[in-house]
Amino acid sequence: MKRELEHDDTALSDVIGMVMLLSMIVIVLSSALIILQPYITDYDDNKNWSQAKVIADQIDERIRLVGASPSDTGTIQTFELASTSIYGLDNAEYWIISGDVSGTDVVNVAISSFNAVSVNSLNSTATQAKVNNGGNITLHNLIFENGTAIVNFENFMDKLLIVEILDSDSTTIHKFVRLEISGLSIETALSNGDFDIDLVNGARMEKLHGEAYKVIRYPSLRHFSMPDNSQQLSFVLVDVDMNLVSGSSHSFGLQMISQGPMTLFDGDVRNIRMSMSNEIDDSMTERYMSNWMEDYNMNLASGTLNSYEGFGPWKRVSGIDGMGIHPLEKEILTEIVLHRVVIE
C-alpha cells in the first residue's frame with residue numbers, strides 16, 4: 001500500500017501543501033490590509049490634524065505671552081513635528097492707521113511713492129513732518145503748493161513708517177502709521193493634501209486642501225461705546241519675525257524673544273482712518289472688512305445711521321477709502337499697541 005501511494009501521481013507533496021497554505025495566508029492578510037487601509041489612513045490623518053492643532057495652540061499662546069513682555073525677554077519651547085512643518089509668512093498683512101491727535105485741524109497724509117508721502121492741512125496749521133522710517137528719524141519743513149506738501153525721505157520705505165505732523169509750537173497734531181506685518185504657518189501633510197494653520201497679526205486662519213480658508217479668530221480690533229456717551233478703540237497688532245529656516249525635523253525648538261511693546265496711539269484721536277490688506281488669500285481683506293462693518297451695514301439697511309457708533313467706511317460707502325469710527329469727527333479714546341516677536 002505504501003509503495004502504491006509513493007507512485008500515485010494524484011497525491012500532493014508536503015511542499016506543495018505548505019505553499020498553498022502560505023498563499024492562502026498571504027491572500028487573507030492582503031485582503032485585510034486592503035480593507036483596513038482607509039481606516040489606517042483616517043487614523044493617521046486625524047492624528048496629524050490633532051497634532052497640528054495642538055502645536056498651533058501652543059505657539060499662539062507663546063506669541064501672545066512674549067509679545068506683551070518687556071524687551072529681550074522670551075521663552076524656548078521644543079515641538080515634536082513628525083509630519084508637520086513651520087515656516088514664516090513675510091509681509092502677510094499691511095496696515096495704515098492715521099488720525100488727528102490734537103488741535104482742530106484736519107490733516108491727511110498719504111503714500112505718494114516708495115520714499116515719499118503727501119500732506120494736506122485743512123486749516124494750514126501743519127508746519128513740519130517728523131519721519132521715523134525704520135528707526136531713522138528725520139525732520140522736514142512743509143512747503144505747500146496747491147494745498148499739498150511732499151515729504152521725501154532718503155531710504156526706501158521700511159516695514160514700519162511713522163509720520164508725525166507738527167504745528168508751529170512743535171506739537172504733534174496728526175499721526176500716520178504704516179506697518180508690514182509678518183506671521184507664521186503650520187503645515188501638516190494629510191492623505192488628500194496639506195492642512196494649513198496661519199497665525200497672522202493675532203488672527204488664526206485654517207485651510208484644508210481644496211477648501212476655502214476659515215477665519216477662526218480675527219485680529220483684536222475692538223470698539224466700545226461707553227455709558228457716558230464716549231467711545232473707546234483698542235487694537236493690539238502682532239508682528240512675528242521668523243529669523244530661521246523653516247522647521248520640519250522631528251524635534252524642533254523655537255526661541256521667542258520680545259522686542260518690547262510699542263505704543264502707536266494713546267489718547268483722544270479724531271478722524272481715525274484705517275486701511276489694511278491681507279495677502280494670505282484674495283478674499284481675506286474683504287472678509288475682514290465685512291466682519292468689522294457688519295453692524296454699520298445693518299444700521300444702513302434699517303435707516304438708523306444717525307445714532308450709530310462703531311466701525312464703518314471712511315467717506316465712501318463702498319469702503320474703498322478704508323474704515324473709520326462713526327461719527328468720524330468725534331474724539332475717540334484710542335490705544336493701539338504693536339507687539340513685536342522674533343523667533344530664532
Side-chain angles (χ1 to χ4, degrees), residues 45-93 95 159 179-190 194-208 213-222 224 234-264 276 278-281 284 287-288 291-292 335-344:
D45 282 351
N46 286 330
K47 181 182 69 175
N48 294 335
W49 179 84
S50 298
Q51 182 194 46
K53 287 269 195 178
V54 171
I55 291 174
D57 289 342
Q58 293 175 344
I59 293 177
D60 196 10
E61 180 183 354
R62 294 298 187 276
I63 289 174
R64 291 172 176 271
L65 176 65
V66 173
S69 302
S71 182
D72 296 327
T73 59
T75 181
I76 300 176
Q77 187 168 7
T78 301
F79 299 94
E80 298 296 329
L81 297 184
S83 61
T84 301
S85 59
I86 302 173
Y87 60 90
L89 297 171
D90 293 335
N91 303 331
E93 203 165 281
W95 277 86
K159 65 182 299 182
L179 309 99
E180 298 175 10
I181 300 293
S182 298
L184 59 83
S185 179
I186 297 99
E187 184 179 280
T188 298
L190 304 180
D194 292 335
F195 172 52
D196 295 327
I197 303 177
D198 296 334
L199 304 176
V200 179
N201 196 21
R204 177 166 172 164
M205 296 152 280
E206 298 182 0
K207 183 179 184 297
L208 286 167
Y213 266 101
K214 294 180 180 179
V215 181
I216 307 301
R217 185 181 64 242
Y218 288 90
S220 59
L221 179 61
R222 303 285 186 268
F224 307 94
S234 68
F235 191 13
V236 177
L237 297 115
V238 183
D239 180 43
V240 178
D241 188 2
M242 196 164 178
N243 286 338
L244 79 168
V245 179
S246 58
S248 57
S249 59
H250 287 284
S251 183
F252 184 65
L254 290 181
Q255 180 180 11
M256 300 185 189
I257 302 174
S258 172
Q259 291 186 321
M262 175 184 289
T263 300
L264 302 177
M276 58 84 61
N278 184 290
E279 305 298 316
I280 298 296
D281 186 75
M284 202 60 67
R287 291 169 66 180
Y288 275 28
N291 173 71
W292 288 318
E335 183 181 17
I336 300 178
V337 180
L338 173 63
H339 287 177
R340 299 168 294 171
V341 178
V342 176
I343 298 181
E344 299 177 341

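What you see below is based on every heavy atom in this structure, not just the backbone, and it leaves out hydrogens, waters and symmetry mates. Heads up: numbering here begins at 1 and tracks the sequence.
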Next item on the list: Step by step, work out the side-chain contact (heavy atoms from CB on, under 4.5 Å) result for L89 and V240.
Entry: CA-CA 9 Å; L89 297 171; V240 178; over 6 Å; no

Next item on the list: Side-chain contact test, heavy atoms from C-beta onward, threshold under 4.5 Å: evaluate it for L264 versus L237 and give yes or no.
Entry: yes

Checklist line | Separation between CZ of R217 and CE of M205, rounded to the nearest 0.5 Å | finding: 9.5 Å

Report, one line per pair, each donor and acceptor closer than 3.5 Å where one atom sits in a side chain of residues 196-203; sequence neighbours left out.
{"residue": "D198", "atom": "OD1", "partner": "S185", "partner atom": "OG", "Å": "2.7"}
{"residue": "D198", "atom": "OD2", "partner": "Y213", "partner atom": "OH", "Å": "2.7"}
{"residue": "N201", "atom": "OD1", "partner": "V238", "partner atom": "N", "Å": "2.8"}
{"residue": "N201", "atom": "ND2", "partner": "E93", "partner atom": "OE2", "Å": "2.8"}

Note to self: Would the distance check show the side chain of D90 and the main-chain N or O of S182 forming a donor-acceptor pair, the cut-off being under 3.5 Å?
What the structure shows: no

Next item on the list: Report the C-alpha separation of Q77 and I59 in whole Å, then their side-chain angles, then the decisive distance to 0.1 Å, and conclude whether the side-chain contact (heavy atoms from CB on, under 4.5 Å) test is met.
Entry: CA-CA 9 Å; Q77 187 168 7; I59 293 177; over 6 Å; no

Note to self: Using every non-hydrogen atom in the two residues, find where I257 and Q255 come nearest and quote the distance to one decimal.
What the structure shows: CD1-NE2, 3.8 Å

Check: Residues two or more places apart in sequence or in another chain: which of them pass side-chain hydrogen bond (donor to acceptor under 3.5 Å, both in side chains) with E61?
Finding: none

Next item on the list: To the nearest 0.5 Å, tell me how far L179 CG sits from W95 CH2.
Entry: 9.5 Å

Check: Going from CZ on F195 to CD on Q51, what distance comes out if it is rounded to the nearest 0.5 angstrom?
Finding: 11.5 Å

Notebook entry, point to check: How would you list, by chain and number, every residue that makes a ring-ring contact (aromatic ring centres under 6.0 Å, His included) with F224, sequence neighbours excluded?
Noted result: none

Next item on the list: State which residues pass side chain to side chain contact (heavy atoms under 4.5 Å, CB included) with E279; sequence neighbours excluded, sorted by chain then number.
Entry: Y94, S277

Notebook entry, point to check: Residues in salt bridge (Lys or Arg N to Asp or Glu O under 4.0 Å) with R204, at least two apart?
Noted result: D57, E206

Margin query: A side-chain contact here means heavy atoms from C-beta on lying under 4.5 Å apart; do I216 and Y218 qualify?
Written below: no

Next item on the list: Could I get the full list of salt bridge (Lys or Arg N to Asp or Glu O under 4.0 Å) partners for E187, not counting sequence neighbours?
Entry: none

Item checked: Backbone N/O of A52 and side chain of T84: donor-acceptor pair under 3.5 Å -> no

Checklist line | Spacing of CD1 belonging to I63 relative to CG belonging to D239, to within rounding of 0.5 Å | finding: 10.5 Å

Item checked: Distance-minimising heavy-atom pair for I186 and L184 -> CD1-CD1, 3.6 Å

Checklist line | Between CG on residue N278 and OH on residue Y288, distance to nearest 0.5 Å | finding: 5.0 Å

Note to self: To check you understand the geometry: which heavy-atom pair defines the closest contact between M242 and G88, and what is its length?
What the structure shows: SD-N, 3.4 Å

Margin query: Once rounded to the nearest 0.5 Å, what's the spacing between atom OG1 of T73 and atom CG of L65?
Written below: 8.5 Å

Note to self: Would you say that M284 contacts V215 through its side chain, given a criterion of any heavy-atom pair below 4.5 Å between the two side chains?
What the structure shows: yes

Next item on the list: Under the salt bridge (Lys or Arg N to Asp or Glu O under 4.0 Å) rule, collect the residues that match up with D194, sequence neighbours excluded.
Entry: none

Item checked: Contacts of type side-chain hydrogen bond (donor to acceptor under 3.5 Å, both in side chains), residue N91, not counting sequence neighbours -> none

Next item on the list: Using salt bridge (Lys or Arg N to Asp or Glu O under 4.0 Å) as the criterion, list what pairs up with R64, not counting sequence neighbours.
Entry: D60

Margin query: Any carboxylate oxygen within less than 4.0 angstrom of a Lys/Arg side-chain nitrogen, looking at R287 and D281?
Written below: no

Next item on the list: Please answer whether the main-chain N or O of S69 pairs with a side-chain N or O of S258 as donor and acceptor at a distance below 3.5 Å.
Entry: yes

Next item on the list: Name all residues meeting the side chain to side chain contact (heavy atoms under 4.5 Å, CB included) criterion together with T75; count only those two or more places apart in sequence or in a different chain, and write none if there are none.
Entry: R62, V66, M256

